[in-house]
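Indexing begins at 1, ligand by ligand and atom by atom, following the structure's order.
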Amino acid sequence: MSARKIIIDTDPGQDDAVAILLALGSPEEIDLLGITAVAGNVPLALTQKNARIICEVAGRPEVKVHAGCDAPLERPLVTAEHVHGGSGLDGPELFDPSMPLAEQHGVDFIIDTLRAEPSGSVTLCPLGPLTNIAAAFRRAPDIIDRVQEIVLMGGAYFEVGNITPAAEFNIYVDPEAAQEVLHAGVPVTMMPLDVTHKALTTRARVEAFRNLGSRVGNFTAEMLDFFERFDVEKYGSEGGPLHDPCVIAYLIRPELFSGRRVNVEVEVSSPLTLGMTVADWWGVTDRPANALFIGDLDADGFFALLTERLARL
Ligand code: RIB
Ligand code: CA
């Protein structure tokens with residue numbers, strides 16, 4: 001089977017970084033056409049820099065990294081330095097990347113790529129707020145029917161919120177963008193907190209990365225040593241949830257995951273529940289199913305895949 005063409009849209013973020021590494025370590029299954037950075041965990045100036053740092057750590061300075069939107073469609077930016085640190089990649093020693101930032105705006109890259117590639121052959125993989133994706137759909141509606149699938153990290157239902165009692169961060173930052181993407185008519189697979197909170201970076205799993213004895217292995221372990229502390233303190237969990245790599249792992253080994261096709265709506269007005277993803281899990285409304293909502297994974301299989309693929313870099 002030929003490799004799947006994807007664009008990763010991202011706000012690195014330690015977990016975003018591991019997702020990018022997994023994609024770069026899986027050339028048989030993933031043809032990474034480019035990376036578009038978006039404002040989210042930290043401002044755009046840092047997310048685009050961090051995406052380039054990760055590509056250089058992976059020894060892949062030729063990857064095209066584009067800067068996209070620096071703020072949500074209709075709201076001020078909310079960031080998450082309390083989780084990811086001031087750099088967005090706290091943990092390892094960082095450096096100024098020498099690979100250049102692509103000149104083209106990330107939204108234009110998404111539009112031009114979807115127009116240039118055969119229709120239905122490109123999967124979009126948003127790992128942060130959905131601003132770039134929604135902006136591309138607004139600016140060029142003709143590309144919507146050309147998207148093969150959107151596999152995104154975002155949302156929560158039974159697991160409730162992580163940035164507010166009701167909302168998950170990626171959706172909360174740009175709820176209008178999320179609602180528009182979920183109703184664009186593109187096939188959507190969601191990796192919500194319901195599944196990502198089962199992908200915990202236990203000590204044994206982090207040591208397996210460190211024991212790779214490589215630059216990538218050490219960099220990953222140092223990122224996760226820092227990243228997990230927020231969730232361990234908040235939830236008392238045995239490690240931090242490795243959210244974004246679930247998106248890439250799903251493309252490589254979908255059998256590791258299970259979920260249900262349901263209707264998902266986003267709250268865009270209530271101050272109390274802004275950004276909440278309301279999943280009609282039991283079909284009590286007549287709202288059409290618009291997403292495959294993933295609720296479970298084989299966590300040991302997920303981390304075995306991650307470790308095996310990062311060992312290749
Ligand atoms: O809520 C978790 C999501 O928000 C992850 O994508 C993390 O990187 C942050 O962007
Ligand atoms: Ca992210």
For [Y], does its backbone N or O pair with a side-chain atom of [X] as donor and acceptor, under 3.5 Å?
X: Arg312; Y: Arg309; result: no
X: Thr79; Y: Glu81; result: no
X: Asn290; Y: Leu182; result: yes
X: Asp194; Y: Glu159; result: yes
X: Gln179; Y: Val266; result: yes

Using a 4.0 Å cut-off to any heavy atom of [X], which atoms of ligand 1 qualify?
X: Asp16; answer: 8 (O)
X: Met153; answer: 2 (C), 3 (C), 5 (C), 6 (O)
X: His243; answer: 2 (C)
X: Phe169; answer: 1 (O), 4 (O), 9 (C), 10 (O)

Give the residue and atom name of whichever protein heavy atom lies nearest to [atom], and the separation in Å to one decimal.
atom: atom 6 (O) of ligand 1; answer: Asp244 OD1, 2.6 Å
atom: atom 7 (C) of ligand 1; answer: Asp15 OD2, 3.3 Å
atom: atom 10 (O) of ligand 1; answer: Asn170 OD1, 2.8 Å
atom: atom 2 (C) of ligand 1; answer: Glu168 OE2, 3.4 Å
atom: atom 9 (C) of ligand 1; answer: Asn41 OD1, 3.1 Å

Given the options Ile8, Asp15, Thr10, Pro12 meets side-chain contact (heavy atoms from CB on, under 4.5 Å) only with Thr10
Under 3.0 Å from the Ca ion (ligand 2) - does any N, O or S atom of Asp15 fall there?
no
Answer yes or no for Phe169: is there an N/O/S atom below the 3.0 Å cut-off from the Ca ion (ligand 2)?
no
Under 4.0 Å between a side-chain nitrogen and a carboxylate oxygen: does that hold for [X] and [Y]?
X: Arg75; Y: Glu176; answer: yes
X: Arg210; Y: Asp225; answer: yes
X: Arg205; Y: Glu207; answer: no

Please name the atom of Asp244, restricted to N, O or S, that is closest to the Ca ion (ligand 2).
OD2
Looking at the Ca ion (ligand 2), which N/O/S atom of Asp11 is the nearest one?
OD1
N/O separation below 3.5 Å, Gly128 to ligand 1:
no
Count the heavy atoms of every other residue, nucleotide or ligand shown that sit under 6.0 Å from CD of Glu28, and state whether that count exceeds 12.
yes
Is it the case that more than 12 heavy atoms not belonging to Lys198 sit under 6.0 Å from its NZ atom?
yes
Region of [X] engaging ligand 1 - heavy atom pairs below 4.0 Å:
X: Thr196; result: neither
X: Asp11; result: side chain
X: Asn162; result: side chain

